[in-house]
Amino acid sequence: MAPSARHSVRRRTLLGAGLAAAAALALAAAPAQAAVWSSADQWGTYTTPDGYTLYNNIWGSGAGSQSIWANSSSNWGVWANHPNTGGIKSYPNAKKVVNKPLSALSSLTSSYNVTVPSSGAYNTSYDIWDSDYDYEVMLWVNYNGAVGPLGTAQGTVTLGGHTWTVYKGDNGANQVFSFLRTSDSTSGTVNILPILKWIKDTKGWWGDETIGDVQFGYEITSSSGGLDFRTNGFKVSSS
C-alpha cells in the first residue's frame with residue numbers, strides 16, 4: 001500500500017543515516033538539464049504553480065537512495081537504487097487535492113504518460129484517498145517483478161475505460177481497494193469517478209466519502225543498481 005504524505009507518518013519506518021549518506025549520489029542521477037526542483041531528502045516536497053505536490057516519500061524499511069526531480073506537475077521523474085529485498089521502499093508521487101464528496105462530483109478524470117524500466121520490482125499506480133484517510137483506492141496501470149496487492153481477489157470489472165482485477169483488503173489502519181489493469185499501459189486516460197461510484201453503489205464498501213488526495217507515482221520495492229522512472233505527462237481534472 002502506498003501511503004499519502006499525511007498517512008505515511010502513521011506507519012513509516014525511520015531509515016537512519018544511510019539515506020543522508022546517499023544523498024549526493026542520488027542527486028547526481030537527476031536529469032542532465034537543470035530541473036526546476038530536485039531533492040534526495042526522504043520526505044522532500046515541492047508544490048507546483050498549478051497546485052500539485054511532488055513528494056519523494058521514501059517510507060519503507062531497508063530503503064537505499066532515491067532522488068526526485070521536477071520541471072512541472074506533468075514532467076518529473078525519480079532515480080531510485082533500492083536493494084533487491086522484499087517490502088515496499090518508497091512511493092514517489094505527484095498529488096492533486098480534490099476535497100469533494102462523491103455526491104458532489106460530476107467528473108473526475110486523469111491522464112498519464114510514463115517511461116518505466118524493464119527490470120526491478122514496482123508498480124505505477126494512482127493512490128486515491130478519502131479526506132479522513134480511512135479508505136485507499138489503488139489503480140495499478142502497470143507493474144513489474146515480485147509485487148502484489150493487499151487482500152483477496154474480488155473478480156474482474158471494466159470501468160473507467162480499462163479492465164481491472166479487483167482486490168479488497170485491510171492493512172490495520174485503513175481499507176484498501178486495489179484495481180490492477182489486466183494488461184500493462186504506459187499512457188492513457190482513466191475515468192476515475194465510475195470506479196469510485198462502483199465501490200459505493202455496486203459493492204457498498206464505502207459511503208458518500210469526501211475524496212481527498214489523487215496521487216500518481218511509482219510504488220518501488222526494488223531497483224538495484226539504480227533505475228529511472230519518468231513521468232512525461234500527468235493531469236487530474238474534476239468538477
Side-chain angles (χ1 to χ4, degrees), residues 1-5 7-31 38-44 54-70 76-95 112-127 136 138-151 165 167 169 171-173 176 178-186 215-232 234:
M1 292 72 59
S4 68
H7 190 72
S8 65
V9 174
R10 283 193 261 168
R11 45 182 174 139
R12 70 194 185 199
T13 301
L14 294 180
L15 298 179
L19 287 170
L25 173 63
L27 279 173
S38 63
S39 177
D41 292 345
Q42 182 177 0
W43 311 115
L54 277 292
Y55 188 33
N56 203 26
N57 195 19
I58 309 169
W59 68 269
S61 178
S65 56
Q66 178 177 295
S67 63
I68 187 170
W69 58 268
W76 60 275
V78 173
W79 178 89
N81 184 5
H82 297 302
N84 187 21
T85 55
I88 299 163
K89 308 303 189 302
S90 66
Y91 179 61
N93 67 84
K95 175 181 79 174
Y112 61 92
N113 184 301
V114 299
T115 302
V116 290
S118 58
S119 59
Y122 64 86
N123 66 69
T124 304
S125 57
Y126 288 89
D127 205 9
E136 178 181 12
M138 296 200 74
L139 311 178
W140 293 25
V141 297
N142 63 60
Y143 45 99
N144 190 76
V147 295
L150 180 73
T165 301
Y167 293 79
N171 62 27
V176 184
S178 299
F179 293 71
L180 277 62
R181 201 177 186 276
T182 55
S183 60
D184 282 348
S185 170
T186 55
Q215 306 171 11
F216 178 80
Y218 310 96
E219 193 175 54
I220 306 171
T221 293
S222 67
S223 54
S224 182
L227 297 175
D228 281 304
F229 302 79
R230 293 177 179 264
T231 302
N232 310 307
F234 171 60

Hey, is the main chain of [Y] close enough, under 3.5 Å, to the side chain of [X] for a donor-acceptor pair?
| X | Y | answer |
| --- | --- | --- |
| Asn57 | Tyr91 | yes |
| Ser90 | Pro92 | no |
| Gln66 | His82 | no |
| Ser178 | Pro149 | no |
| Glu136 | Val176 | no |

Where [X] and [Y] come nearest, the two heavy atoms and their spacing:
| X | Y | result |
| --- | --- | --- |
| Ser222 | Pro83 | CB-O, 3.2 Å |
| Ser65 | Trp79 | OG-CZ3, 3.6 Å |
| Ile220 | Ala80 | CD1-CB, 3.9 Å |
| Gly148 | Trp140 | C-CH2, 3.5 Å |

Spacing of [atom1] belonging to [X] relative to [atom2] belonging to [Y], to within rounding of 0.5 Å:
| X | Y | atom1 | atom2 | value |
| --- | --- | --- | --- | --- |
| Tyr218 | Ser125 | OH | OG | 10.0 Å |
| Asn93 | Leu54 | CG | CG | 8.0 Å |
| Trp76 | Trp69 | CH2 | CH2 | 9.5 Å |
| Trp59 | Glu219 | CH2 | CD | 7.0 Å |
| Ile68 | Asp41 | CD1 | CG | 11.0 Å |
| Phe234 | Asn113 | CZ | CG | 12.5 Å |

Do Thr124 and Asn142 have side-chain atoms, one donor and one acceptor, less than 3.5 Å apart? yes

Sequence neighbours left out, what passes side chain to side chain contact (heavy atoms under 4.5 Å, CB included) with Thr221? Give chain and number order. Ile88, Lys89, Ala121, Val147

Results of side chain to side chain contact (heavy atoms under 4.5 Å, CB included) for Asn144 - residues two or more places apart only: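 With sequence neighbours excluded, Asn144 shows a side chain to side chain contact (heavy atoms under 4.5 Å, CB included) to Tyr122, given in chain and number order.
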
Do Met138 and Leu150 have side chains that get closer than 4.5 Å, going by heavy atoms?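 No, every pair of side-chain atoms sits at 4.5 Å or beyond.
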
Within-4.5 Å side-chain heavy-atom neighbours: Thr115 and Asn232: yes

Parallel, tilted or perpendicular: which describes the rings of Tyr112 and Tyr126, with under 30° parallel and over 60° perpendicular?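 Correct class here is perpendicular.
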
